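Keep in mind it's a predicted model, so treat the numbers as computed, not measured.
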Amino acid sequence: MEFLTLFLIYLCSLLALAALLCLCSGREEGFLARSANRASQVLSLVIPSQLRRVTHRALHRLFHTRSCLFVVLHVALQAAVFGEYTWEVFGYCWELQFHLLLLLLPYLLLAGNLGCFLLCSWANPGTVTKSNAASLVKVYAYDGVMFQKGLVCPTCSVEKPARSKHCSVCRTCVHRFDHHCVWVNNCIGAANAGVFLLYLLSLTATAGAVAAVTAALLLQLLLLSNLLHGTYLDAQGQEQPVEIPVLVQHLFLTFPRIVFMLGFVILLTLVLGGYCSFSLYLALTNQTTNEWCKSRRFGGSPHLPSQPHDRPLVYKNIYSKGIWRNLKEIFNPPAVLERKKKT
């Protein structure tokens, strides 16, 4: 039971790390930021002021300025996983005569994911400039609640189109702004939202494929060892039926790196699967992450000048046009269509 406890602690640590890394790619005013603010208020009572300033500058540079740190971490994690998969899992599976297409599937998904990653990182997300602001204003209607007509960005000095937002990290206004993703070191907007969705789907599928092949290998190894239907001798020399903790311990002691990798990719698949489901929901309903978060806070917001004070402020999504048209808009945004017609 001591081994099982340590292994559960390891799994919980992986889950907490994966959740933290995913939250880091979210909004500036999200759950992570609020939690960090509360924690900093408590820690400020015991941490020296000089150390607080250094920490604050480091966090600001990490999350509020463009940085390649998370891109390097992204590539390093993929290299570590596929290095272990190629070095051990692929070799064992080849000896056990697994189907070649099954073994190559993670590599094919990885190639597609890297392509989407590069496109998402290098693509212009839909920057609003003085030259295109007038045309972008005509793309989406102002709902009068979340987006007001005639507002000018104080930083960019351009009229803000509906569904746009100024990104403090990229220091520019982005058309149909979704969020700034630290993992691709770029904003997600109208021009790269479709590629970002494909990036998420392919990344989830890649992790799932690696987890499936690795789990199939470990199960096959257990079958060959006859532990699934056998017994073992305990410390007193008595035969005991093989239980799940014994199986996990046997795999962990025999193939430690494979088990560590499997635990990581399973948790990564679950976290990414949840985020993919959320992103698909936003795409099917024609919402952005920025709009979804703002709509959750309207209950406590002050009334806008155009809203009667005796009537509650109610937000309604006016941009949804049905599932198929919403999906089409993600991959072929109206602004892109307009530019193509002009050229």
Any side-chain heavy atom of [X] sitting closer than 4.5 Å to one from [Y]?
X    : Y    : value
C187 : V169 : no
V210 : E84  : no
F147 : E291 : yes
V81  : V265 : yes
R171 : T155 : no
C156 : V128 : no

Inset, instruction - Indicate, with yes or no, if the rings of Y281 and W292 have centres closer together than 6.0 Å. - result: no

Inset, instruction - Could you tell me if the ring centre of Y92 sits under 6.0 Å from that of F255? - result: yes

Nearest atoms (heavy-atom pairs only) where [X] meets [Y]:
X    : Y    : result
G194 : F331 : O-CE2, 3.4 Å
K149 : Y142 : N-CD2, 3.5 Å
L262 : A215 : CD1-N, 4.1 Å
K160 : C153 : CG-N, 3.7 Å
C167 : C170 : SG-N, 3.4 Å
P334 : E329 : CD-CG, 3.6 Å

Let me check something: do [X] and [Y] share a hydrophobic cluster, defined by ILVMFWY side-chain heavy atoms less than 4.5 Å apart, either directly or through other members?
X    : Y    : answer
Y85  : L221 : yes
L268 : L110 : yes
V75  : L69  : no
L198 : L282 : no
F117 : F82  : yes

Spacing of [X] atom [atom1] and [Y] atom [atom2] [to the nearest 0.5 Å]:
X    : Y    : atom1 : atom2 : value
E159 : S164 : CD    : OG    : 9.5 Å
C276 : L203 : SG    : CG    : 7.5 Å
I330 : N192 : CD1   : CG    : 10.5 Å
L114 : L119 : CG    : CG    : 11.0 Å
Y140 : R176 : OH    : CZ    : 5.0 Å
L101 : L108 : CG    : CG    : 7.5 Å

Inset, instruction - Kindly determine whether Y275 and T204 satisfy side-chain contact (heavy atoms from CB on, under 4.5 Å), including the steps that lead there. - result: CA-CA 9 Å; Y275 188 39; T204 306; over 6 Å; no

Within the side chain of [X], is there an N or O that forms a donor-acceptor pair under 3.5 Å with the backbone of [Y]?
X    : Y    : result
Y319 : A141 : yes
N186 : A123 : yes
N290 : H179 : no
D143 : K316 : no
D178 : I188 : no

Legend entry - Remaining members of hydrophobic cluster (4.5 Å side-chain criterion), L105: L109

Inset, instruction - Quick one: name the residues clustered hydrophobically with V174, using the 4.5 Å side-chain heavy-atom rule over I, L, V, M, F, W, Y, and just say none if it's on its own. - result: F177

Under a 3.5 Å threshold, yes or no: a donor from one side chain and an acceptor from the other, between [X] and [Y]?
X    : Y    : answer
N317 : Q287 : no
N132 : T129 : yes
S320 : N326 : yes

Legend entry - Qualifying side chain to side chain donor-acceptor pair (under 3.5 Å) pairs, either residue in residues 99-126, two or more places apart: Q78-N113, T86-Y107, N113-S202, N124-T127

Legend entry - Whether over 12 other heavy atoms sit under 6.0 Å from L118 CG: yes

Inset, instruction - List the steps and the verdict of side-chain contact (heavy atoms from CB on, under 4.5 Å) for R163 and N286. - result: CA-CA 11 Å; R163 312 190 77 181; N286 205 333; 3.0 Å; yes

Inset, instruction - Please work out which of the three classes, parallel, tilted or perpendicular, describes the rings of W94 and F90, given edges at 30° and 60°. - result: parallel

